[in-house]
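Below you'll find the structure, written out as structure tokens, and then a few comments.
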Amino acid sequence: MSNDRTIHLSRRHLLKAGGAAAAGGFLAPNWLLSQAVAQDPVSGGTITLVTEADWVDLEPHLNGLFAARQATQFVYENLLQLDANLQPQPCLAESFEVDDANQTFTFHLRQGVTWHDGSPFVAADVVYSLERVLNPDNAASGRTTVATIDSVTAVDDATVVITTSVPKLSLPVILGTGGPSQIIKAGSTDNGDLRNVHNGTGPFTVGEIVSGDYIRFVKNPNYWNQDLPYVDELIFKLMVEEDTRVAWIRSGQADYVDLYAEAAARLADDENVTIIESQKAYMMGTRLRVVEGPLADSRVRKALDMATDRQDMIEKARFGAAELTGFIPAGQGDWSIALDKLPAWYAARDVEGAKALLVEAGVSDLTIEIKCSRPEQVAIALVAKENWAEIGVNAEVLQMEYGAYFADLVDRNFQAIVVGQTFIADPVDYLFNHFHSTGSGNVYGFEDAEVDAKLDEARATVDSVALKAQLDEIQQMMWDRGAPYQYAYNALNIEGLRTRVQGYEPEFTAMRKAIVRSWIQE
């Protein structure tokens, strides 16, 4: 797809853009899209952002949905925030130091920050937030991401000391990523449900939520960065049907939409819309419950993996706008595995090899139910059904209402379920969270003592070259042992933006935080 308003960005471009980041962690005005780069940002107005995925609720720690994190980031903040180069910059903490052992981190908190209810932000809030996530009884999503934290101590109202059980060079990056490291007010869960009460320090307050429809965010007049946000309101609109998303941005009802390649091509002649193509961390794949039955046999799982036609999934689910990936998303610096180290059957499926594994496992007449919800997930499931039929496995595709689908995922009520994997700050955690026996994302019931040991070793490694070799080795182990999470691809980021919106930049994390720094130029 190509026109004067289509911008193609590689990961390299994004890294170059990150070099222009301002000292406070905010990116410089957009040199890529703005038609008015020399003009100052304009305050006021409303930006309507349309998304295809339901956030369900705005519980910052317990809701692991990526769509929820894309919404909660406007209300809650982290100690740090990531720039375009995925490097930590100041946010609720203005600075930090780390000791020589890389295990004691001292954070100096920003002064003058208030919660949306007007009360001051203090160190006790940080302690409360991280201890809530670390408490296994709370079942916080992504808990293992911060599980190496040993203690969180408030030295005084403006200073927090965090110690880790192992050297943790990546801790600042982790604390700059949303979800489990978002900060909530101390005691905020004592008298309220965070699904319904939203009291953050972020650039927007919650004005109104209509479940399954939209969220209206309102500019926080007391935000610590008085320059931001530029717009008065941000409408976060749910719209599953892509044809409707296209119609909305054509008509000007939407300012931003996420798109698939086919829909983006239909907007190529619209002079009021810019299409941005870039890399992002957004892997789609099929998760398998492995606690009992044929799927507990690694040979059966590997057979399903080997029979999968990933190129067909890329064409039918993403209209070609995706790339093959290992367990760390393609494009995440040097951490993603090289294409020539992917199994040969990734690019060219091995049907005969898959059949032989099933024979060896003594499995025949196997039926697997695949759960899915959104159209992209359905497309993947239908390709899997067709692929697995060729090796004698019957797949029954069950498309579900999103709430029921999500509940079954959380409750581990599935044989197979198509799910996405989004950005994780620490590359180790793409593997640890899913395949370590204690991983918070291990919904499969997968346990392997050797894999556990390798992942524990990787978590304690501080040399990046050694760590890269360890992660490559663990990925090969998982493919050999029949991975319970079988990735189809890493999707490319395709965004549609009305030309009146200035200052927006795409992000590898796909978080869309740049909306906070965007303004309207009529």
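- Contact check on R266 versus E262 returns a salt bridge, with a Lys/Arg side-chain nitrogen under 4.0 Å from an Asp/Glu carboxylate oxygen.
- Distance check: Q415 CD to R289 CZ gives 11.0 Å after rounding to the nearest 0.5 Å.
- Between the side chains of N433 and T144, at least one donor-acceptor pair of N or O atoms lies under 3.5 Å.
- The cationic atom of R310 (NZ for Lys, CZ for Arg) lies less than 6.0 Å from the six-membered ring centre of Y346 and within 45° of the ring axis.
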| field | side-chain contact (heavy atoms from CB on, under 4.5 Å) between F414 and E369, intermediate numbers included | value | CA-CA 8 Å; F414 62 87; E369 181 183 70; over 6 Å; no
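- In this structure, the side chains of I215 and I235 stay at 4.5 Å or more apart for every pair of heavy atoms.
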| task | Run the numbers on K468 and D334 for salt bridge (Lys or Arg N to Asp or Glu O under 4.0 Å), then give the verdict. | result | CA-CA 8 Å; K468 166 64 174 170; D334 295 328; over 6 Å; no
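- Residues H61 and S129 form a side-chain contact, since some pair of their non-hydrogen atoms from C-beta on lies under 4.5 Å apart.
- With salt bridges taken as basic N to acidic carboxylate O contacts below 4.0 Å, one links D408 and K371.
- Between the side chains of T325 and N490, no donor-acceptor pair of N or O atoms lies under 3.5 Å.
- The closest side-chain donor-acceptor pair between R69 and S141 falls under 3.5 angstrom.
- Side-chain atoms of T189 and Y128 include a donor-acceptor pair closer than 3.5 Å.
- Residues Q421 and F327 form no side-chain contact, since every pair of their non-hydrogen atoms from C-beta on lies 4.5 Å or further apart.
- With no hydrogens or angles considered, no side-chain donor-acceptor pair links T164 and T148 at under 3.5 Å.
- Residue-environment remark: CG (D463) exceeds the threshold of 12 foreign heavy atoms within 6.0 Å.
- Using a cut-off of 4.0 Å between Lys/Arg side-chain N and Asp/Glu carboxylate O, D258 and R245 are scored as salt-bridged.
- Taking 4.5 Å as the limit, every side-chain heavy atom of N196 sits out of range of all side-chain heavy atoms of D57.
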| task | Go through the steps for M478 and F446 under the test side-chain contact (heavy atoms from CB on, under 4.5 Å), then give the verdict. | result | CA-CA 11 Å; M478 292 309 306; F446 178 81; 3.6 Å; yes
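- The aromatic rings of Y487 and Y485 are tilted relative to each other, their planes meeting at an angle between 30° and 60°.
- With rounding to the nearest 0.5 Å, the separation of CD in Q399 from CD in E401 is 11.0 Å.
- Minimum heavy-atom separation, I162 to L79: CD1-CD1, 4.4 Å.
- For the pair I249 and L267, the minimum side-chain heavy-atom distance is below 4.5 Å.
- Rounded to the nearest 0.5 Å, atoms CD (E386) and CG (D309) are 8.0 Å apart.
- In this structure, K237 and V257 have side chains that are not in contact, with every pair of non-hydrogen atoms separated by 4.5 Å or more.
- A salt bridge links E59 with R132; the closest basic N to acidic carboxylate O contact falls under 4.0 Å.
- Comment: E495 does not engage R512 in a salt bridge, judged by the lack of any side-chain N to carboxylate O separation of less than 4.0 angstrom.
- Salt-bridge formation is not detected for the pair R301/D305: no Lys NZ or Arg NE/NH1/NH2 atom is positioned less than 4.0 Å from an Asp or Glu carboxylate oxygen.
- Side-chain contact between F406 and N63 is present, with heavy atoms from C-beta onward closer than 4.5 Å.
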| field | E473 vs K454, salt bridge (Lys or Arg N to Asp or Glu O under 4.0 Å): CA-CA, chis, key distance, verdict | value | CA-CA 9 Å; E473 179 188 5; K454 292 285 186 182; 3.1 Å; yes
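- Heavy atoms only, all atoms of each residue included: K385 and A395 are closest at NZ-O, 2.7 Å.
- Side chains of Q486 and T308: a donor-acceptor N/O pair is absent below 3.5 angstrom, by distance only.
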| request: Test side-chain hydrogen bond (donor to acceptor under 3.5 Å, both in side chains) on Y444 and H434 and set out the steps. | output: CA-CA 8 Å; Y444 331 96; H434 287 287; 2.5 Å; yes
| message | Please determine whether salt bridge (Lys or Arg N to Asp or Glu O under 4.0 Å) holds for the pair K302 and E360, giving the CA-CA distance in whole Å, both sets of side-chain angles, and the decisive distance to 0.1 Å. | response | CA-CA 12 Å; K302 187 173 181 180; E360 182 181 325; over 6 Å; no
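- Looking at heavy atoms from C-beta onward, L304 lies in side-chain contact with L295 at the 4.5 angstrom threshold.
- Atom CD of residue E447 and atom CG of residue D452 lie 7.5 Å apart, to the nearest 0.5 angstrom.
- Atom-to-atom distance recorded for F236:CZ and T48:OG1 is 12.0 Å, nearest 0.5 angstrom.
- Between the CZ atom in R318 and the CD1 atom in I380 there is a gap of 9.0 Å [rounded to 0.5 Å].
- With respect to E52 and R374, a salt bridge is recorded, a charged nitrogen being found less than 4.0 Å from a carboxylate O.
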| request: Begin with the C-alpha distance, continue with both residues' side-chain angles, and end with the deciding distance and a verdict on side-chain contact (heavy atoms from CB on, under 4.5 Å) for I328 and I337. | output: CA-CA 7 Å; I328 300 172; I337 199 163; over 6 Å; no
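- Shown here is D193, whose CG atom has more than 12 heavy atoms of other residues, nucleotides or ligands within 6.0 Å.
- Of the charged side-chain nitrogens involved, at least one lies within less than 4.0 Å of a carboxylate oxygen, so that D426 and K168 count as a salt-bridged pair.
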| query | Checking side-chain contact (heavy atoms from CB on, under 4.5 Å) for the pair V428/L471: CA distance, chi angles, key distance, verdict? | reply | CA-CA 7 Å; V428 176; L471 295 180; 4.3 Å; yes
